[in-house]
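Basis for what follows: all heavy atoms, side chains included, without hydrogens, waters or symmetry-related copies. Convention: sequence-line order gives letters A, B, ...; per-chain numbering from 1.
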Protein chains: 2
Amino acid sequence: MNSPASRRRRSTVPGDETRERLLDAAERLFAERGYANVSTRDIAEAARSNAAAAHYHFGSKEALLEAVFKRRLDGVNAERERLLAECVAAAGGRPDIADVLEAFIGPTLRLGATEEGHRFNLLAGRSSTDPNPEVRRIVFGVYDSVGRCFVEAAAAACPDLSKDELFWRIACVYGAMMYIRADNGRLQHLFGPGVSLSDSAGALRYAMPFLTAGMRAPPAAGTE
Amino acid sequence: MNSPASRRRRSTVPGDETRERLLDAAERLFAERGYANVSTRDIAEAARSNAAAAHYHFGSKEALLEAVFKRRLDGVNAERERLLAECVAAAGGRPDIADVLEAFIGPTLRLGATEEGHRFNLLAGRSSTDPNPEVRRIVFGVYDSVGRCFVEAAAAACPDLSKDELFWRIACVYGAMMYIRADNGRLQHLFGPGVSLSDSAGALRYAMPFLTAGMRAPPAAGTE
DNA sequence: CAGAAGGTCAAGCAGTTGCTTGAAGCATGT
DNA sequence: ACATGCTTCAAGCAACTGCTTGACCTTCTG
């Protein structure tokens, strides 16, 4: 066997350029067409490289997708966890749900302000409902920790909600966030020009109040 | 050429059985694995039929997916359009947003109460963020009409919202609905046993109030 | 300069894909 | 009995898939 895939970067290294180009191409193509509809040859060609290079650098197509996720998320998710912990601590364990939502959703929506961040958000949103086991494994793993932090913080912010009710409300929050990131073009098709899910400032201004109001709705429990 | 794909059903017809089995198998497999990860051979095998039968009856893999969608949606979407028109008319053009949401979302969530309806909801939810052009074309086409009715009714129910704000709020509604239908298992993984997105009664009881509260939130406009 | 190591490449392997083919099966109407 | 037309099937085609191979090239090290 001859693959590195871990002990890289020994000095300036010429090959790291190729590696980065492969990650860029993979991110863009996976986002545009979906994991299953992109071949390693497509990626190699888009990266002006060779089909074997992707396997040399990453070992497999699956590992390449994982590397794409980790490259963008390692920083953002650490920030989200920090912000969540801060707003819980600052409120003495009883945070405002608006702050919790801002800490969880804000960083990823702001990521969409840059072109490459928007491309990644497309990929992340679309991957979130991908049934492919390889994709699921990666998505589950990469969001597991920050997801737990969010659920915990949301529970602390909404102590009046039953587990059931919290579950469903958080599902709505996740759904909205994923749908906005995935940007499938359906709504723009219905609304016509002038609006776009890729406008991350609009997402922050208009979607956050919606979600906050939803989380603050009086409990529906008791309604049998 | 020898394919029917349109002028079928001449009497009792033995072959309609096979056709129905193919639709069932395709719906289940597409829902479980995603359009791209299922081959026509997989479908034929699951339907205890032959690989050529799928192409004989439907012409192509794409047309088979379209037939799966149409079989379930032709009824439901007509009902949704009727309910939307009714609640607008009954309120003299100024419907309650709660009724609009119920008319639009209720029928599809209630579809999830049956086993095959739940399977279809899985497929529909997951297909809504599928970037594959064939899948997009089908999804766009099959939901276009009812989507326009809903946007129109929501606009009538919320006359104080700007086009921008209505767009983003409807995006949140769509997102929640799609995420619930797609049921990717992530939230259940975070919450543990006892809750499930496949519980359609829970969806109606808990998600609808969330979305109604979100739609009723005071306009955020003016906040520059 | 010789060697080693990291990196790139064209070629190829085995398996899968959507779809087609031509021969057969089958019930019907004459 | 015969012909008709819908339906099924095994076999096959060309294209594509993820991944591997072995030969090269380049750069750093002794």
Side-chain angles (χ1 to χ4, degrees), chain A residues 1-26 29-30 33-68 132-135 137-138, chain B residues 1-23 25-26 29-30 33-68 130 132-135 137-138:
Chain A
M1 198 176 293
N2 196 23
S3 77
S6 52
R7 40 91 205 178
R8 205 168 310 94
R9 185 159 293 122
R10 50 188 185 126
S11 58
T12 43
V13 182
D16 267 14
E17 255 178 55
T18 303
R19 199 185 129 89
E20 216 61 26
R21 281 208 314 278
L22 284 167
L23 283 171
D24 289 340
L29 290 177
F30 284 153
R33 303 190 214 158
Y35 180 72
N37 301 310
V38 176
S39 71
T40 53
R41 280 173 179 82
D42 293 337
I43 295 169
E45 191 183 349
R48 302 186 311 282
S49 170
N50 183 278
H55 290 99
Y56 171 76
H57 282 284
F58 302 98
S60 69
K61 185 186 175 185
E62 181 179 354
L64 170 54
L65 179 69
E66 189 161 19
V68 167
N132 183 316
E134 304 173 18
V135 179
R137 188 191 63 77
I138 292 169
Chain B
M1 197 177 292
N2 196 22
S3 78
S6 52
R7 39 91 204 181
R8 204 167 311 93
R9 186 159 290 121
R10 44 175 193 141
S11 57
T12 43
V13 181
D16 268 14
E17 252 179 56
T18 302
R19 198 185 129 90
E20 216 61 26
R21 282 207 314 277
L22 283 167
L23 283 170
L29 290 176
F30 285 152
R33 303 190 213 158
Y35 180 73
N37 301 310
V38 176
S39 71
T40 52
R41 280 173 179 80
D42 293 337
I43 295 168
E45 192 183 348
R48 301 186 311 284
S49 171
N50 183 277
H55 291 99
Y56 170 76
H57 282 285
F58 302 98
S60 70
K61 186 185 175 186
E62 181 180 353
L64 170 55
L65 178 68
E66 189 162 19
V68 168
D130 196 317
N132 183 315
E134 304 173 18
V135 179
R137 187 190 64 77
I138 292 168

Can you check each nucleotide of nucleotides 16-21 of chain D against protein heavy atoms at under 4.0 Å and return B for base, S for sugar-phosphate only, - for none, in 5' to 3' order?
-BBBBB
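As rounded to whole Å, 12 Å separates atom P of C:dC19 from atom CG of B:Leu65. With rounding to whole Å, A:Glu45 atom CD is found 15 Å from C:dA10 atom C1'. Rounded to whole Å, the distance from CZ on B:Arg19 to C1' on D:dC6 is 14 Å.
For residues 36-47 of chain A, every residue pair satisfying the salt bridge (charged side-chain N to carboxylate O under 4.0 Å, His left out) rule, not counting sequence neighbours, is listed here: A:Arg33-A:Asp42. Among residues at least two apart or in separate chains, salt bridge (charged side-chain N to carboxylate O under 4.0 Å, His left out) pairs with a member in residues 57-67 of chain B are B:Glu62-B:Arg137, B:Glu66-B:Lys70, B:Glu66-B:Arg137.
Within the 4.5 Å cutoff, the side chain of B:Leu65 has no heavy atoms near those of the B:Phe58 side chain.
Here B:Ala52 pairs with B:Asn50 under the side chain to side chain contact (heavy atoms under 4.5 Å, CB included) rule; sequence neighbours left out. Judged as a side chain to side chain donor-acceptor pair (under 3.5 Å), and not counting sequence neighbours, A:Asn37 has no contacts.
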Would A:Asp24 and A:Val68 satisfy side chain to side chain contact (heavy atoms under 4.5 Å, CB included), going step by step from the backbone distance to the final call?
CA-CA 8 Å; A:Asp24 289 340; A:Val68 167; over 6 Å; no
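Atom-to-atom distance recorded for B:Ile43:CD1 and B:Arg21:CZ is 13.5 Å, nearest 0.5 angstrom. Note that OH of B:Tyr35 is 6.0 Å distant from CD1 of B:Ile138, once rounded to the nearest 0.5 Å.
Rounded to 10°, the angle separating the first-five-pair axis and the last-five-pair axis of the helix from C:dC1-D:dG30 to C:dT30-D:dA1 equals 10°.
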